[in-house]
J.: 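Quick one: the structure is below, questions incoming.
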Amino acid sequence: MAADSALVLSLVEEFVSGLVDSKAKEAAAAVKDGKFTVLELVEALGQGLTSSQPHTRARGVQLLSDVLNECYGSLTEREVEVLIAFYENRLKDHYVVTPPVLQGLKALTKSSVLPPGSAVSMLRSLFQDVHVQSLMLAERACVYNMLLNLMQTREAELKSLGADFVFGFVQSMDGERDPRNLLLSFQIATNIIHRDYDLGKFAEELFEVTSCYFPIDFSPPPNDPHGITKEELILALRSILAGTPKFAEFLLPLIIEKVDSDVQSAKLDSLQTLAVSVSQYEHKDLADFLEGLWTSIRREVFQTSSEKIESAGLAALTALTSCVSRSVLNSDSEDSLSTFLDLVIKDCNHHLSEPDLKLVWPSAKLLQAACSASIRASHIITAAVMPSLIEQYNTRTQCSHRRTLLEVVQKFIQSVKASNVSENAEDNALVAYRPSLCSMVFSALSETNDSLQITATSVLTSLAQQKGLLEESDVEVAVDQLTKILLTDEDDRVCLAVIECTGALAALHPAQFISKMIPRLKIEMFAVPMDEDSIEASKRPSHHAVRQRCLSALAAVSTEPGVVRESTPVLLELLTAAHTGSVPFTAEDVVLACRSLQRIAEQVQDTEETGQCFHRVVIPRLLSLALQAALQGEDVPRSSPLVEESVLSAVVPVISTSCSRLQPKLAEETASKAVSLFLTGNVSFLPDNSFPSNIQLLKGDSWKQSQLVCLLMGCVCSLPRSVEVPQLDELLCALEDLSCSSSHALSYTAAAKCFAGLVNKRPLGEGLDSLIQRTVKRVSAELDSPNSSVRTQAFTLMIWVAKALLLRYHPLSTTLTNKLFSLLDDADLGSVAADGFSLLMSDSGDVLHRASHADVRIMYRQRFFSENSSKLVQGFHSAQEKKPNYLKALSNIVNKLPKQVQVTELPALLSLLLEALSCPDLSVQLSTLSCLEPVLVDPPPALIQQLEALVSRLITLTSSPAMDVKIGSLRCIHALSHFPAHEILPFRARVLRALAKPLDDKKRLVRSEAVHARGEWFLLGSPGGR
Amino acid sequence: MSSRLENANPVIFQRSGERLLTGSEADEDVHDPIDDREIFDILVSINDPEHPLSLEELNVVEQVRVKVDDAESTVGIEFTPTIPHCSMATLIGLSIKVKLLRSLPDRFKIDVHITPGTHASEDAVNKQLADKERVAAALENSSLLEVVNQCLTTRNM
């Protein structure tokens, strides 16, 4: 104990007189270790606390406070009481003593054994003896932290202080300027408001000290270590100002004043604050200011040029209206909601009767914002607006007016929807106008004006999506009209809109489409065109176009299983008729029919019923038709469209979408049937079974048969990974043989893709490794012998397998990609190899993508790029004649990389890319330009260092003979104009001179790019420009 | 703010769509002459000095009032102020002229004037716009150039 008292004395001595700050830490550690107590420390301090020198006293208190700051947790209640009494007393001491006293008090506020009443006495002395705003930054923070600590633990005691607490706080924060302290004091104010402290008569004072910061205008200094943002301050302040209705009478005039200011950010902040605040207000808080607020909001929406302010204004109006809607109606008082809405209607409604003037839209938006606030508001607004809109629509004759009116009506239909929460359809404010609305839409649909018709279809869709606005009888009329337009209208845009609309309607009212539309479409599609030359026919769309529309419409309506059950047989019937030739369908018709089937498979719900439909009916029928077509002899008069490559390529996605999406169990069945068909010629599951028994589709004897392997690919390569493919090894062998032996491009490519698709999904292990090694050996052998007749085939297999392995990060993929790099120097395959990189890096349409459940790892492109870019650079420098191949390969890879990666990798490759710009090969120039253009939007520093080289090469390319190169380089030059002005200003004169020439180019597309680019460069460095 | 606008609620016209791409335009070997629509497309993006609207939306420029002769290298533009007393007419004319000077090859002679009978001081404005030296002098004035450049800045849609 004696040694300890010596220790404490020496620590005190060194800290107080020796000014060694580190001793405070040691003392704190000693107290924690129990070497001496806080009481002993106080005794030891003795002289340090009572010295006549204020600085010595400050030092003494400092030591005590530092120790307390570490050890507040171990103090007893009695100790705390004594210490608080001591510190409170010290607050009256000399001003240099105050900072350590505050630190000590702050430490004590964190104690869990604060005696009752001490919080109050602490605050009383604090508010009485200290003028916070004359303290330094850190001490002010100390005071705020004390308050926050006490609010956390002693809420009840603080509230017992009543309004004195608020007054004390108001005095302490009045005039605070540091953003860090502001955040703290805003936090205190928020607590006061949201935790229900008594504001007493100081509500206005509290509002004054906080609202003086509104609207916040703060831009943090560069490299600000505190990371305080303007947003943070704005939100903190907003939660105070908008926190209580007691502020309403002060806040609302302030908001009106700030909305009227010229500063855009002030307008925005005010409107947003308004929208938040009124959510807590009642009508009486608002009543006096409603008119002023409305005037300000109206002016902003009518005149603003900023969409942000407009939408903030509209949101504020919605909030105001819903606040007024909450007010309870008394029998004697006036209805405040209708009074307010009368004001809105009076100012806006008359603009709706001038549909060609500017203010029609702002007025409509304001009315719609009010309309969406509550059900009652919807009723009042629609009652005021709809009759005149409908009346106008019926009396106006100009189509553009009628279209605007229709668009306005549509927006009203949508805004009423937002407030329609009840299930009861009768509550919809528009139910009363249903007949007029429907007749409006139907009359617009029967107009000859395209844009009017298009608008009408989207209004119809909006009507359908609202309960009770479209009855069955209306749907019937709609279906008739839509069908009529589809079959007779000339304009394709109208038909697209109609098809979209039928899709939306059919999902809600399938019965009408099954009974009326599908049979009608079927008749039209199967009709044999009559004499197209007659005058009657020339006014109508061509028969082919109608057929095309019917097919798209058929796909669009098929979202419900019930509709699918009716529509797919029609499409299959079409395919059968095309195959037999009973109706003269072209290959193009067949492709479109397949697309429709594909779209149905993509959009339909995955139910047992639809799965059955596709796996048991559609796929067997497609396979059967394709097989019949393939088995046709050469002697038939008319060959079936189903042997054409374009048709088969359209059949593949139907099969693959069904197998990947619908009912995995059934897909597994389909796969095993397909495999047995292709391996052993098992045709038992096909309809119309009259096939010979010895079919060998994978032997490659006849191209018509071997090309069917693409259908097998569609089936087995798109199965979920959990589904196993039967007879996999046999199948892989057969596919490999076919891909290395066939001379028919579609056959060997499809076999290679199918092989790759299966390899991608095969589980890791011995089996897979030996399979790959066998393939690599075979492929290399063919590629290494220059006289081999199947080098292209071997190359195709190699590139697809390489892709399959690369996607799943298989270690053996490098063997294949290295082979690909070495082929860049090859005399025959060099350029194909360069193009192969684009195949490796891009998503393929039919296999090896995520939709077909392939194993695709994220960021495989980046990985491939970072592992291999150096090889390309080296290869480029050592290559002799084939340099362009390397550049092409590089730009193929870089082109497909995500932009973030391009930007980070660019410095290393920039010299090569610039080289590529001066490479004479047009395709290299083009692909380099296309990968430069996105990078230029946000230029990396490395690029800015090379500006001179870049600008001169781009300028040279603007006089290239090829139009695409000219356009690409002009776009890049356009993008350059957005670089930092000081970097590009030196080039301005030169670029402007160079761009004068393409202004007179013979191609219009080149001229228009030049006009855009030159306009931007002119604005650079010019007053009012950039 | 409302006091500063001369015409707060102007008539708004529909914008014409993008020019449709024809097959011959994509063909390297065909020479596309500069036509009225092309000049009109250059002008449509010019902003009105008062409203956040383009000259096309306010119908100040129309395709039928654009006349170009590629072979003779002449362009004639008539523009129509929204109201007869529009004080911005000269400024709009100047913006059109500057835009064309920047966008057309040197060989063109550019004539910009007000549609006859649509403005109170038509002759004075036309005279100003036709006077090369006054146009050049106007563009030396940096505050005037600033306003013109603002009209020619493409808005971010």
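Each chain gets a letter, A, B and so on, in the order the sequences are listed, and its residues count up from 1. Predicted model, so just to flag it, every value in this text is computed and none were measured.
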J.: Decide if atom NZ of A:K1002 counts as having more than 12 heavy atoms of other residues, nucleotides or ligands within a radius under 6.0 Å.
T.: yes
J.: What residue, out of B:V30, B:I42, B:L104, has the most heavy-atom pairs lying under 4.5 Å from chain A?
T.: B:V30
J.: When you measure from the side chain of B:D32 to the backbone of A:K1003, do you find a donor-acceptor pair of N or O atoms at a distance under 3.5 Å?
T.: no
J.: So for A:A1010, is it side chain, backbone, both, or neither that comes closer than 4.5 Å to the heavy atoms of chain B?
T.: neither
J.: B:L139 versus chain A, heavy atoms under 4.5 Å apart: side chain, backbone, both or neither?
T.: neither
J.: Please output the residues of residues 965-975 of chain A in contact with chain B, using a heavy-atom cutoff of under 4.5 Å, in numerical order.
T.: none
J.: With sequence neighbours left out, write down each residue that passes side-chain contact (heavy atoms from CB on, under 4.5 Å) with B:R107, or none if nothing qualifies.
T.: A:D1000, B:I34, B:D70, B:S73, B:P105
J.: CD of A:E291: more than 12 outside heavy atoms within 6.0 angstrom?
T.: no
J.: Is the side chain of A:R1014 donor-acceptor paired with the backbone N or O of B:R102 at a distance under 3.5 Å, no angle test?
T.: yes
J.: Look up atom CZ in A:F1018 and atom NZ in B:K99, then write down how far apart they are to the nearest 0.5 Å.
T.: 11.0 Å
J.: Output the distance between atom CD (B:E38) and atom CZ (A:R1007), rounded to the nearest 0.5 Å.
T.: 4.0 Å
J.: Would you please name every residue forming a side-chain contact (heavy atoms from CB on, under 4.5 Å) with A:S458, sequence neighbours left out?
T.: A:Q410
J.: Tell me, out of A:D964, A:D260, A:L995, A:L999, who's got the most heavy-atom pairs with chain B below 4.5 Å.
T.: A:L999
J.: Hey, does B:T153 have a side-chain heavy atom less than 4.5 Å from the side chain of A:L1019?
T.: yes
J.: Just wondering, more than 12 heavy atoms not from B:K109 lying within 6.0 Å of its NZ?
T.: no
J.: Which atoms of A:R1004 come close to chain B, meaning under 4.5 Å heavy atom to heavy atom: side chain ones, backbone ones, both, or neither?
T.: both
J.: Relative to chain B, which of A:H1012, A:E307, A:R403, A:K997 shows the most heavy atom pairs under 4.5 Å?
T.: A:R403
J.: Looking only at heavy atoms and a cut-off of under 4.5 Å, which of A:V1011, A:V360, A:V1006 has the most pairs with chain B?
T.: A:V1011
J.: By number, which residues in residues 141-150 of chain B have some heavy atom less than 4.5 Å away from chain A?
T.: B:S142, B:L145, B:E146, B:N149, B:Q150
J.: What part of A:P961 lies closer than 4.5 angstrom to a heavy atom of chain B: side chain, backbone, both or neither?
T.: backbone
J.: Considering non-hydrogen atoms only, spot the tightest contact between A:M963 and B:E28 and give its length.
T.: N-OE2, 2.9 Å
